[in-house]
Number of protein chains: 2
Amino acid sequence: MSRVEYDGAMSLRHAALGLLTFGPASGYDLLQTFNGSLANVWPATQSQLYGELGKLAEAGLVTVAEEGARRRKEYALTDAGLAELRHWLVDVEPTVVRRSDVLLRVFFLGIVEPEQAEEFLRERERDAIERQAELRVTEKEIASDTVDLAVYGRLALEWGLRFTEMQREWAVWAQQEVAKVRG
Amino acid sequence: MSRVEYDGAMSLRHAALGLLTFGPASGYDLLQTFNGSLANVWPATQSQLYGELGKLAEAGLVTVAEEGARRRKEYALTDAGLAELRHWLVDVEPTVVRRSDVLLRVFFLGIVEPEQAEEFLRERERDAIERQAELRVTEKEIASDTVDLAVYGRLALEWGLRFTEMQREWAVWAQQEVAKVRG
DNA sequence: CGAGCCATGTAAAGAGTTACATGATTGC
DNA sequence: GCAATCATGTAACTCTTTACATGGCTCG
């Protein structure tokens with residue numbers, strides 16, 4: 001039960017704490033969720049997750065509730081962990097900054113041929129369509145999920161649907177803009 | 001002129017190369033742009049940028065074209081640098097993944113009171129409005145900019161305007177959804 | 001008994017942030 | 001001369017990714 005260091009960044013910690021509110025789970029269990037419904041929101045690697053769970057246990061935010069077969073450790077949220085999670089949810093301002101690989105390329109699209117710029121934007125349109133289709137699949141999975149991310153997870157999903165739609169419309173518009181310059 | 005290592009990630013490198021297509025510039029000059037028109041797309045710290053310029057020079061993608069007063073080094077893009085930039089723009093698939101601090105919180109909004117969840121969403125709505133206002137300011141700056149990020153930078157800006165609008169509308173919708181559950 | 005999944009861990013390197021440190025030049 | 005701005009650099013730490021490594025259990 002050492003001191004809890006927390007400065008505002010670092011959300012893998014809170015993602016793990018959050019998932020444990022749905023009940024005790026092992027690192028392996030959590031990893032399935034990170035690769036599943038959380039993949040589009042906060043992906044994490046196995047390596048990172050196991051390390052983080054160790055730190056979380058050391059900090060007293062989770063405890064090893066049970067040790068099972070195959071070295072399995074089942075983690076459970078402590079009162080301190082739940083308090084930290086609530087604190088993060090309510091009091092800590094989310095980071096606004098977002099890096100966008102795509103947008104950075106858009107800035108420099110002037111150095112390639114307009115045809116290539118248009119092709120780039122056409123690919124963004126296709127990406128958006130594809131990702132939206134994937135979200136529709138997730139939509140059905142979530143509905144029939146045992147772990148109840150359904151309630152508020154539905155809000156996150158709707159965000160994704162609106163986001164991909166916006167991206168698709170923008171890509172179509174941007175192609176027209178480039179066509180204007182080219183033509 | 002050592003070998004260029006490149007595996008698909010890492011875009012600060014390309015941001016720097018891209019900015020140098022508008023003409024030679026010092027680390028300090030580039031930093032102004034990173035803090036300005038690029039701040040919402042690919043922020044970078046002074047520390048990181050100077051380090052990267054050193055590596056870029058070592059790799060032969062840029063050269064020190066001129067050394068001025070106050071230790072100023074003016075960097076210029078080499079042919080190899082421009083080639084790498086074009087390659088990145090046309091051949092390298094942009095990363096799709098995106099971490100969202102906000103969306104992660106949405107997933108776990110069920111553990112706080114519905115009133116707090118609504119307040120959280122109301123803040124997102126305010127954020128979106130505020131950020132859109134900032135983009136409107138940038139819009140006018142870009143129009144009267146000497147460095148010509150204007151042409152395709154305009155496309156990136158429009159993306160931002162559409163994005164913030166989408167976010168605002170989603171936040172309004174989400175508040176209503178929470179109100180339904182609460183009521 | 002072996003394939004496949006369950007389950008955890010470490011090591012190394014890349015990418016990003018914050019803080020510290022230094023010095024030159026310009027303009028009032 | 002001194003404050004502000006120009007200008008570069010280093011050190012330490014955190015977060016993230018990729019690769020490597022190991023072993024247990026179950027079922028056909």
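The figures that follow rest on heavy atoms only: side chains count, while hydrogens, waters and symmetry mates do not. Chain letters run A, B, ... following the sequence lines, proteins first, then strands; residues in each count from 1. Being a predicted model, the structure only gives us computed values, none of them experimental.
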A/W159 and B/W170 aromatic ring geometry - parallel, tilted or perpendicular at 30°/60° bounds: perpendicular
Thinking salt bridges, do B/E58 and B/K55 make one under a 4.0 Å N-O criterion? no
Starting at the 5' end of DNA chain D, which residue's closest nucleotide do you reach first, A/L12 or B/R72? B/R72
For A/L49 and C/dT8, what is the distance between atoms CG and C1' respectively, to the nearest whole Å? 11 Å
Between OH on residue A/Y75 and CG on residue A/L30, distance to nearest 0.5 Å: 9.5 Å
May I ask you to verify if any side-chain N or O of B/K55 is less than 4.0 angstrom from the OP1 or OP2 atom of C/dG14? no
Check whether B/F163 and B/L161 end up in the same hydrophobic cluster, where Ile, Leu, Val, Met, Phe, Trp and Tyr are linked by side-chain heavy atoms less than 4.5 Å apart. no
Taking CZ from B/F34 and P from D/dA7, how many angstroms apart are they, rounded to a whole number? 17 Å
To the nearest angstrom, how far is B/L53 atom CG from D/dG9 atom P? 9 Å
Between A/M10 (CE) and C/dT18 (P), how many Å, whole number? 16 Å
Under 6.0 Å from the six-membered ring centre of B/Y152 and within 45° of its axis: does the NZ or CZ of B/R154 meet both? no
Other ILVMFWY residues reachable from A/Y50 by side-chain steps of under 4.5 Å: A/Y28
Nucleotide of D/dT16, C/dT8, D/dT8 approaching B/S26 most closely (side-chain heavy atoms): D/dT8
Can you tell me the distance, in whole Å, between the OH atom of B/Y28 and the C1' atom of C/dT26? 13 Å
In whole Å, what is the span from the CG atom of A/L38 to the P atom of D/dT16? 13 Å
Rounded distance (Å) that lies between atom P of C/dA15 and atom CD of B/E52: 8 Å
For D/dG9, take OP1 and OP2 only and decide whether either is under 4.0 Å from a side-chain N or O of B/Y50. no
Applying side chain to side chain contact (heavy atoms under 4.5 Å, CB included) to B/V96 and not counting sequence neighbours gives A/R131
d(CD, B/E74; C1', D/dC6) in whole Å: 13 Å
Report, as a single string ordered 5' to 3', how protein heavy atoms within less than 4.0 Å touch nucleotides 17-28 of chain D: B base, S sugar-phosphate only, - not at all. BBB----BBS--
